[in-house]
Amino acid sequence: MTTPSLDALQWIDTLVGIDTVSRNSNLGLIETVRDHLRRLGFECWLTFDRRATKANLFCSIPDRNGGSAGGVVLSGHTDVVPVEGQDWDTDPFAATVQHERIYGRGSADMKGFIGTVLGRVPVLAQMKLAAPVHIALSFDEEIGCLGAPLMIDALAQRGIRPVGCIVGEPTNMDVVVAHKGFSAYQCSLRGQAAHSSIPAAGVNAIEFAARLIDHVRGVADDMRVNGPLDGDFDVPYSTVQTSSVRGGGVINTVPEFCELEFVIRHLPQVEVDGIFERIRLHAHQRLLGEMLQATAEAGPAISFESTFRVPGLEANEDAPFTRLVRRLSGDHTVRKVAYGTEAGLFQRAGIPTIVCGPGDIRQAHRKNEYITLAQIRQCEVFLETLTQNLTFA
Ligand SMILES: [Zn+2]
């Protein structure tokens with residue numbers, strides 16, 4: 001049977017219908033889910049952002065003895081990317097079923113997965129589970145995984161130690177065991193303004209920024225040539241590149257300011273701080289020294305700010321949870337992907353984690369995003385098998 005349950009379809013319809021673009025509050029969605037789970041008799045707790053306009057939700061469906069220790073986390077992010085500038089054929093905030101597909105923003109990334117999980121809760125409640133099942137919904141994944149760390153910290157504080165976690169990002173239900181980490185930095189260079197007829201009286205911030213950009217490229221070339229390498233990734237080395245530059249603007253003045261951003265996508269076994277330090281040290285030891293020597297004034301400075309940080313994932317293949325998922329899914333291929341997810345955060349907290357969810361990442365973030373009904377059904381079957389086999393805990 002390839003038709004998903006009505007419960008899953010109704011939940012996907014409800015979730016897609018709530019506009020949770022990252023810049024907006026997600027409380028409408030979170031409260032809808034919380035109220036539903038409470039009506040079914042399950043306690044939920046929320047963790048909020050600083051302004052209390054967004055929340056994560058965590059809910060435990062206890063085992064047959066009423067216990068919540070151990071168990072498996074099913075995790076998804078509630079936010080979606082914007083639709084501006086995309087010429088949709090349907091209303092992006094209404095789930096539209098056509099040609100065996102559900103169209104709508106977030107249908108693949110990742111309200112299809114969340115809806116499938118929520119649709120199964122009444123079944124789980126009747127199942128006499130051997131181990132608890134936890135539902136973890138986060139906010140602001142798309143703008144830097146800002147929500148999940150709060151929830152993961154709270155898990156530790158509450159002494160909840162799940163034995164495994166599935167992040168249901170779209171993988172076509174394949175088991176993904178690794179992804180790269182992703183970090184972004186902003187760098188501000190302040191030189192010294194002067195009349196452009198006497199460049200030596202100033203410190204040209206753009207020229208020093210250019211030298212830093214060249215150094216970033218050198219670090220990138222070094223990692224490409226000298227590794228470390230992991231051939232299971234399509235780009236088998238860590239990368240770094242400059243992504244934006246702003247500075248200057250007045251032709252008769254030596255530019256005093258320049259700002260640039262660079263992004264690092266690193267193999268999970270490579271520490272991002274080491275790559276960043278190669279860039280920071282060059283800036284502070286080499287370039288800033290020259291900038292300070294070039295003027296008697298105390299103006300020159302270089303500062304860095306970390307703007308985005310998502311750790312990589314490298315699953316533990318020996319963990320009983322990973323072995324269980326491999327056995328149940330029948331997928332023994334080692335799959336490593338370039339895109340980041342919250343999986344690395346759970347893994348870092350000591351919870352064995354893999355990525356496995358319905359839909360195709362190639363449909364995500366685009367106009368006419370969709371998920372097939374067959375993928376939803378495949379996810380339901382997988383969750384059914386998984387929850388029937390939680391005997392390792
Ligand atoms: Zn996603």
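In this chain, residues are counted from 1 in sequence order. In each ligand, atom 1 is the first atom listed, and ligand 1 is the first ligand listed.
Around the Zn ion (ligand 1), the protein N, O or S atoms closer than 2.8 Å are His77 NE2, Asp109 OD1, Glu169 OE1, Glu169 OE2, listed by chain and residue number.
At a cut-off of 3.5 Å, with distance as the only test, no side-chain donor of Thr20 or Asn26 sits close to an acceptor on the other residue. At a cut-off of 3.5 Å, with distance as the only test, no side-chain donor of Thr239 or Lys180 sits close to an acceptor on the other residue.
Note on Arg217 versus Asp221: salt bridge recorded, some NZ/NE/NH1/NH2 to OD/OE distance being below 4.0 Å. A salt bridge links Glu290 and Arg286; the closest N-O separation between the charged side-chain nitrogens and carboxylate oxygens is under 4.0 Å.
Tyr370 carries Arg101 over the face of its six-membered ring, with the cationic atom under 6.0 Å from the centre and within 45° of the normal.
For Arg366, the CZ atom is loosely surrounded, since the number of other residues' heavy atoms within 6.0 Å does not exceed 12.
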